[in-house]
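Pasting in a structure now, in structure tokens, and then I'll have a few things to ask.
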Amino acid sequence: MADSSKKMQIVFASAECAPFVKTGGLGDVAGSLPAALVRAGAEVIVMVPKYATIKDEYKAQMEHFSDFYVSLGWRNEYCGLEKLEHDGVTYMFIDNERYFARDYPYGFFDDGERFAFFSKAITESLQHLPAGFECDILHCNDWQTALAPVFLREFYQGLPLYDRVKTVFSIHNVAFQGQFSDTVMEDILGVAHIPAAASQLRCDACSINYMLGALRYADAITTVSPTYANEIQTPEFGEGLDGVLRERSYALQGILNGIDVAGFDPATDKRIAANYTVEDRSGKAVCKAKLQEELGLEVRDDRPLMVMVTRLTRQKGMDLVMYALDRILAGGVQVAVLGTGDRDYEDGLRYFQDKYPGTMAARIEFDPALSQRMYAAADMFLMPSKFEPCGLSQIIAMRYGTLPIVRETGGLKDTVIPYNEFTGEGTGFSFSNFSGDEMGDAVFRAARLFWDNRDAWNQLVTQAMSQDFSWTRSADKYLDLYFFMHPEIERPAAVVDETEAVAGPVAAEEPKAEEKPVEAEPAKAEPKVKAEVALEAEDEVKPAAKPAAKKTTTRKTTAKKVTTVKAAATKTTAAKTTTTRKRTTAAAKKAAEAEAAPEVKAEVAEDKPAAKAPAKTAAKKTTATAKKTTATKATATKAAATKAAEKPAAKVEETPAESKAEATVEAKPAAKTTTRKRTTTAKKTTAKAAAPKAEAMPAAVKEETKPAAKPKPAPKAAKVKTAPKATAKVEPAKEAPVSPAASTEEKAPTKKTSVRKATATRKRR
């Protein structure tokens, strides 16, 4: 039963968190996602190390909340909890000066010990949280917190407070895994004596891997984009962990990061030269002119300005940039690059700046304010990464109306919709292979649109600026996952209405998706067969004579119906190759032969009901009937032919549904007029007589030898005679398509048929 009074309570653990400490994208996520979760109705506590680099203004706001000791291998380490409320979120800073009072968050010889302590302190802290806060979800991020799920399972499982805790582990970049010597297993982690933990942490003969532990112990695994979630399951992108990620793929999903839409808003940003909105972008032109002037570029609005704000590394695609930059600059595209990184790339950018003055600008530095001005001023933003888990730069660029040119990998593929020149769809430009030529082509596709079709360009900018990349959207996806793991907690209705479920519904709908086709197939199969038969019958039978069709339907049993359907389906291909003209002619000639059938049948029906006489009498009557059939048929042929010629084809066309209904209603009385009182001898005689003319004779005569369902009194026969004249309906399903062989025989002269029938009669005598 869902608890409507309880809120989802989440502990979010991260090694960095904006605005307190940030070195990359992880800091942005930890700074924005918890606040969005709080706005969505959850209670969140963020746990971060209390680094010495945190600004004093924040340290002054912290209050000492609790302190305790954490056992780490053979040692007990002090842990203080410093509490800070900021933007509605509660932050708990893990205080231990020996580990965290340093000038920089990472990059020290004892990082393995430092972050093992941080992970253990997180799990221990769950007992020391504010009153009323019982952790439902422990959300850990990257290798620095990866041991928390391991410690939780191995040291705290079974304690009442910890039983309800579900763990989520987020991979922000699978390349950084936290690999250390296996000597830390006993000395620091204290798990060497636990075979399950020791084996699952080990990545080779002498090393352990912190991230590997989290991938095996966490209840759910997320990463920062759906495409990246697929990529890291391959050897190319998995960095050696693709095997375990494939094993746990059922627990892995990608959820896109968002951006702080209030902080990155061209309408209110005070860091840019002029503000603008999606409706009025005149301010963007001012920003472009100011930046061109600032960077020493030609101040021209008719030349596209492309920028990069990036680390200068191979992962960011700098190899492709170095390869294609000469071609791009010579083609008339202005380029500005801001960033630091590998020395080779820095020198290369300086070379191109000297070679193309006024067209190329390189700023080898880290300048957040300048980066903001570049996002706002540029026409295009280049991001040709070799791999990119999510990426925020392309999202920020779109927010400022700068069209991204990206390689289709990871989050870049998920966030940028490539421009489609035929439909006008898109929010940027993309290329698929890690190739300098492909990247250059993509740049010039964008430049040509800028030069040749400014209306289409402006529409693309509007679409890019209208995208929703808020953290609210991302938070809703995470809440889907959290509430799926805790179904006993009722989710607030407002949140459910706003979003589509991700984790819960995926699990719930999978069986349905498999079952639906199975259930649907039988239901669809019948109409399909019927439709084929009906269509076929409509093609072949429409021009046929009306009375004969009715009589054909009189003695069909259930078994015969099945056979007719099968036969009709088998003959579909052959019958449909015959042209409409041929079918019409064949049917008209068949009508001429069949016109006499009602009279013949009526006579038979009149004779048979009286047949309670001995077998010999019945045999005589059969012979007499056969004679009458031949004579009547020969006489009626000419009249029938004349009738068929006079009747227009339009009258014969009816819908299969109408024909079937009419024929079924009228067939029943006719079927009941025949009698079963025939001897075996009589049946054999009739069968032999029918054999030579089986293909040429109408169906009504052929079927006289088969016993009908029930004997009926003679008066019913009168109805059968009059019925053909009263209606003009055709039953499509019963009149099987005319095969080419049958059509040939039907075209034979009526005289020959009569002679053959007469001969058969003499033989029977």
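Residue numbers start at 1 and run along the sequence shown.
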Inset, instruction - Identify, with sequence neighbours excluded, every residue that meets side chain to side chain contact (heavy atoms under 4.5 Å, CB included) alongside Ala362. - result: Leu349, Gln353, Met360, Ile364
Inset, instruction - Give, for atom NZ of Lys316 and atom CZ of Arg311, the distance between the pair rounded to the nearest 0.5 Å. - result: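 If I round to the nearest 0.5 Å, the distance is 5.0 Å.
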Legend entry - Under 3.5 Å side-chain donor-acceptor pair for Asp219 and Thr167: yes
Legend entry - Any residue meeting side-chain hydrogen bond (donor to acceptor under 3.5 Å, both in side chains) with Thr123, in chain and number order, not counting sequence neighbours: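 side-chain hydrogen bond (donor to acceptor under 3.5 Å, both in side chains) check on Thr123 returns nothing, list empty.
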Inset, instruction - Give every residue pair that meets the ring pair (Phe, Tyr, Trp, His ring centres under 6.0 Å) criterion with at least one member in residues 250-271, sequence neighbours excluded. - result: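 Listed by first then second residue: nothing to list.
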Inset, instruction - Rounded to the nearest 0.5 Å, what's the gap from CD1 on Ile259 to CD1 on Ile395? Could you check? - result: 6.5 Å
Inset, instruction - Any chance you could measure Asp476, atom CG, to Leu37, atom CG, to the nearest 0.5 Å? - result: 9.0 Å
Inset, instruction - List in chain and number order the residues that pass ring pair (Phe, Tyr, Trp, His ring centres under 6.0 Å) with Tyr162, two or more places apart in sequence or in another chain; answer none if no residue qualifies. - result: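 Once residues adjacent in sequence are excluded, the partners of Tyr162 under the ring pair (Phe, Tyr, Trp, His ring centres under 6.0 Å) criterion are Tyr156.
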Inset, instruction - Please check if the side chain of Arg373 supplies one atom and the backbone of Ala273 the other of a donor-acceptor pair under 3.5 Å. - result: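 No; judged by distance alone, with no hydrogens or angles, the pair does not exist.
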Legend entry - Positive for side chain to side chain contact (heavy atoms under 4.5 Å, CB included) with Cys390, one of Thr223, Asn257, Leu412: Asn257
Inset, instruction - Keeping to residues at least two apart or across chains, list the ring pair (Phe, Tyr, Trp, His ring centres under 6.0 Å) pairs with something in residues 12-35. - result: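 Found Phe12-His139, Phe20-Tyr58, Phe20-His86, Phe20-Tyr91, Phe20-Phe93.
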Inset, instruction - Return the set of residues passing side-chain hydrogen bond (donor to acceptor under 3.5 Å, both in side chains) with Thr409 (not counting sequence neighbours), or none when no residue passes. - result: Glu231
Inset, instruction - Only pairs at least two apart or in different chains count here, so list each ring pair (Phe, Tyr, Trp, His ring centres under 6.0 Å) that has a residue in residues 414-439. - result: Tyr419-Phe429
Inset, instruction - Any chance you could lay out the side chain to side chain contact (heavy atoms under 4.5 Å, CB included) test for Leu256 and Thr415, step after step, and finish with the verdict? - result: CA-CA 8 Å; Leu256 272 172; Thr415 53; 3.7 Å; yes
Legend entry - Partners meeting salt bridge (charged side-chain N to carboxylate O under 4.0 Å, His left out) with Asp441 (sequence neighbours left out):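 In terms of salt bridge (charged side-chain N to carboxylate O under 4.0 Å, His left out), with neighbours along the sequence ignored, Asp441 is linked to Arg327.
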Inset, instruction - Please name all residues satisfying ring pair (Phe, Tyr, Trp, His ring centres under 6.0 Å) with Tyr400, sequence neighbours left out, ordered by chain then number. - result: none
Inset, instruction - Decide yes or no on salt bridge (charged side-chain N to carboxylate O under 4.0 Å, His left out) for Asp379 and Lys284, but give the supporting numbers first. - result: CA-CA 9 Å; Asp379 298 301; Lys284 188 169 176 65; 5.9 Å; no
Inset, instruction - In plain terms, say whether Glu488 and Arg164 are close enough for a salt bridge, that is, a side-chain N and a carboxylate O under 4.0 Å apart. - result: yes
Legend entry - Pro384 vs Val321 side-chain heavy atoms within contact, under 4.5 Å: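 Of all side-chain heavy-atom pairs linking Val321 with Pro384, at least one is under 4.5 Å.
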Inset, instruction - Any chance you could measure Asp136, atom CG, to Gln9, atom CD, to the nearest 0.5 Å? - result: 5.5 Å
Legend entry - Residues Ser14 and Asn141: side-chain donor-acceptor under 3.5 angstrom: no
Inset, instruction - Say whether Ser282 and Asp280, considering side chains only, have a donor N or O and an acceptor N or O under 3.5 Å apart. - result: yes
Legend entry - Within residues 209-237 or reaching into it, pairs that qualify as ring pair (Phe, Tyr, Trp, His ring centres under 6.0 Å) - sequence neighbours excluded: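 Qualifying pairs: Phe180-Tyr210.
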Legend entry - Minimum side-chain heavy-atom gap Met211-Phe176 below 4.5 Å: no
Inset, instruction - Answer whether the closest heavy-atom distance between the side chains of Glu388 and Val406 falls below 4.5 Å. - result: no
Inset, instruction - Check whether NZ of the Lys or CZ of the Arg Arg454 lies under 6.0 Å from the centre of the six-membered ring of Phe450 and within 45 degrees of that ring's axis. - result: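 Yes, a cation-pi geometry holds between Arg454 and Phe450.
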Legend entry - Side-chain donor or acceptor of Arg271 paired with backbone N/O of Ala369 under 3.5 Å: no
Legend entry - Set of side-chain hydrogen bond (donor to acceptor under 3.5 Å, both in side chains) partners for Gln467, sequence neighbours left out: none
Inset, instruction - Determine yes or no for a side-chain-to-main-chain donor-acceptor pair under 3.5 angstrom, with Gln177 supplying the side chain and Glu239 the backbone. - result: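 Here the side-chain-to-backbone pair exists.
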Legend entry - side-chain hydrogen bond (donor to acceptor under 3.5 Å, both in side chains) against Asn453, all qualifying residues, sequence neighbours excluded: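 Testing Asn453 for side-chain hydrogen bond (donor to acceptor under 3.5 Å, both in side chains), a comparison that skips the adjacent residues, returns none.
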Legend entry - Heavy-atom neighbours of Tyr323 OH exceed 12 at 6.0 Å: no
Legend entry - Interatomic spacing from SG in Cys140 to CD1 in Ile171 - rounded to 0.5 Å: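 Here the interatomic distance stands at 12.5 Å.
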Legend entry - No-hydrogen, no-angle side-chain donor-acceptor test under 3.5 Å, Ser393 and Tyr375: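 A pair is found: one side chain offers a donor N or O, the other an acceptor, under 3.5 Å apart.
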